[in-house]
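Only a predicted model underlies this, so the values are computations on that prediction, with no experimental measurement involved. FYI, side chains are in, hydrogens and waters are out, and symmetry mates aren't considered; it's all heavy atoms of this structure.
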Amino acid sequence: MIARNVHKYIGAIAWISSVQYFVVQIIVANAWVDPFSVRKNPISDLGNTVCGEYSERYVCSPLHDLMNLSFVLLGFTMIVGSVFIARQFHIKHGISSGFSMLALAGFGTILVGMYPENTIANLHMLGASLPFLLGNIAMIILADHLSLPKNLRIYTMTSGIVGLSALVLFLTGNYLSLGHGGMERLVAYPQTIWMIVFGVYQVRNAPKNNIYPR
């Protein structure tokens, strides 16, 4: 029983640790000599390893190594969290698919950190596409298959829908008033915030009974 509860905490704490991703972004952005624009600059600019012009924007990130390490750590904790949290459920096809997609999204995030946007572009884009697409789909699947409190289920579903809708707008160049960077964040952030929230939920419920699929 003790080992079982430890497993619950490992997954939850892994996802909660995703908060480092937001903290590091603030630190790295503040190190820029030219002001970093959340509206204009995509997240990957923070990990760009060479100063210069990229798509009509000047990029120079002195702490790019820290940002790329953050990407890798985020991806690792996404995988670890997915594996350990999944073990707390009666695995059925939908649940297994959801957590597997989140693990693949984590692998993609690791690729983003290992291959910054100015290096091997195809691998960087592949890495980013996994959390952008699979991660958001995963939340919708899990919201539909897990037995969660009503508010958490609605929040999970909404997060996935918002992320996917923003992805469509992002890919079609419809940034609305958010700009390129702002729309990208609307694709990416709901997923990471949801993992933190779900991790907190798991910690609070770890000593209790397992959560079963609906």
Considering only heavy atoms from C-beta outward, does the side chain of Ser82 approach that of Ile79 to under 4.5 Å? no
Can you tell me how far apart CE (Met78) and CG (Leu104) are? Round to the nearest 0.5 Å. 10.0 Å
Check this for me: does any side-chain nitrogen of one of Arg153 and Asp144 sit under 4.0 Å from a carboxylate oxygen of the other? no
Does the side-chain contact (heavy atoms from CB on, under 4.5 Å) test come out yes or no for Thr156 and Leu146, once each step is laid out? CA-CA 10 Å; Thr156 302; Leu146 293 179; over 6 Å; no
Between Arg185 and Gly181 (side chain of the first, backbone of the second, donor and acceptor by atom type, cut-off under 3.5 Å), is there such a pair? yes
Go through the steps to decide whether Phe99 and Val83 satisfy the test side-chain contact (heavy atoms from CB on, under 4.5 Å), and finish with yes or no. CA-CA 7 Å; Phe99 283 111; Val83 170; over 6 Å; no
With the 4.5 Å side-chain cut-off for hydrophobic clustering, are Leu176 and Leu186 part of the same group? yes
Does either side chain, that of Ser44 or that of His124, offer a donor lying less than 3.5 Å from an acceptor on the other one? yes
dist His64:NE2 -> Trp32:CH2 (nearest 0.5 Å) comes out at 11.5 Å
Where Leu169 and Thr172 come nearest, the two heavy atoms and their spacing: O-OG1, 3.1 Å
I'd like to know whether Asp45 forms a salt bridge (Lys or Arg N to Asp or Glu O under 4.0 Å) with Arg57, so could you lay out the CA-CA distance, the side-chain angles of the two residues, the decisive distance to 0.1 Å, and finally the verdict. CA-CA 10 Å; Asp45 280 357; Arg57 65 184 186 276; 2.5 Å; yes
What I'd like to find out is whether the side chain of Pro131 reaches to under 4.5 Å of the side chain of Gln191, using heavy atoms alone. yes
Is there a donor-acceptor pair closer than 3.5 Å between any side-chain N or O of Glu184 and the backbone N or O of Phe170? no
The reported gap from CE in Met139 to CE in Met101 (rounded to nearest 0.5 angstrom) is 12.0 Å
In one Ile/Leu/Val/Met/Phe/Trp/Tyr side-chain cluster, 4.5 Å: Val59, Ile26: no
Just checking, any donor-acceptor pair under 3.5 angstrom between side chains of Gln20 and Ser70? yes
Step by step, would you call Leu178 with Arg39 a side-chain contact (heavy atoms from CB on, under 4.5 Å)? CA-CA 6 Å; Leu178 299 176; Arg39 185 176 181 278; 5.9 Å; no
Phe107 reachable from Met125 in the ILVMFWY side-chain graph, under 4.5 Å edges: no
What distance do Ser96 atom OG and Ile141 atom CD1 have between them, rounded to the nearest 0.5 Å? 10.0 Å
Joint hydrophobic cluster, Ile196 plus Val23, side-chain heavy atoms closer than 4.5 Å: yes
For the residue pair Phe22 and Tyr189, is the inter-centroid distance of their aromatic rings smaller than 6.0 Å? yes
Kindly give the heavy-atom pair with the smallest separation between Leu126 and Ser129, and that separation in Å. O-OG, 2.7 Å
With a 4.5 Å heavy-atom cut-off, do Leu164 and Leu133 have their side chains touching? yes
Under 3.5 Å, side chain of Ser165 to main-chain N/O of Val162, donor-acceptor pair present? no
Grab the two heavy atoms, one from Gly199 and one from Ala12, that are nearest each other, plus how far apart they are. O-CB, 3.3 Å
Taking atom CE of Met157 as the centre, does the number of heavy atoms from other residues, nucleotides or ligands within less than 6.0 Å exceed 12? yes
Smallest separation among heavy atoms of Ala14 and Val80, with atom names: CB-CG1, 4.1 Å
Taking the side chain as every heavy atom from C-beta outward, state whether Val28 and Ser61 have any atom pair closer than 4.5 Å. yes
Determine yes or no for a side-chain-to-main-chain donor-acceptor pair under 3.5 angstrom, with Gln88 supplying the side chain and Phe84 the backbone. yes
Scanning both residues in full, the closest heavy-atom pair of Met67 with Gly47 reads CG-N, 3.9 Å
Mutual orientation of the aromatic rings belonging to Tyr21 and Phe71 [parallel < 30°, tilted 30-60°, perpendicular > 60°]: tilted
Side chain proximity check, Leu167 to Leu171, heavy atoms < 4.5 angstrom: yes
Taking all non-hydrogen atoms of both residues, which atom of Leu63 and which atom of Ala31 are closest, and how far apart? CD1-CB, 3.6 Å
Can you list every pair that meets disulfide bond (SG atoms under 2.5 Å apart) and has a residue in residues 91-153, with sequence neighbours left out? none
With sequence neighbours left out, which residue pairs that include part of residues 98-118 fulfil the side chain to side chain donor-acceptor pair (under 3.5 Å) condition? Asn48-Glu117, Thr49-Asn118
About how many Å separate OG of Ser18 and CD1 of Ile13, when rounded to the nearest 0.5 Å? 12.5 Å
Grouping ILVMFWY residues whenever side-chain heavy atoms fall under 4.5 Å, the cluster of Leu69 otherwise contains Leu73
Would you check if Pro149 and Tyr201 make a side-chain contact, meaning some heavy-atom pair closer than 4.5 Å? yes
List the steps, then state whether side-chain hydrogen bond (donor to acceptor under 3.5 Å, both in side chains) holds for Thr77 with Trp15. CA-CA 6 Å; Thr77 54; Trp15 275 10; over 6 Å; no
Where do Tyr155 and Val197 land on the side-chain contact (heavy atoms from CB on, under 4.5 Å) test, with the steps shown first? CA-CA 10 Å; Tyr155 168 62; Val197 171; 3.8 Å; yes
Can you confirm whether Asn41 sits close enough to Tyr58 that some side-chain heavy atom of one is under 4.5 Å from a side-chain heavy atom of the other? no
Check the surroundings of atom OH in Tyr54: do more than 12 heavy atoms from other residues, nucleotides or ligands lie under 6.0 Å from it? yes
When rounded to the nearest 0.5 angstrom, what distance separates CD1 in Ile154 from OG1 in Thr158? 7.0 Å
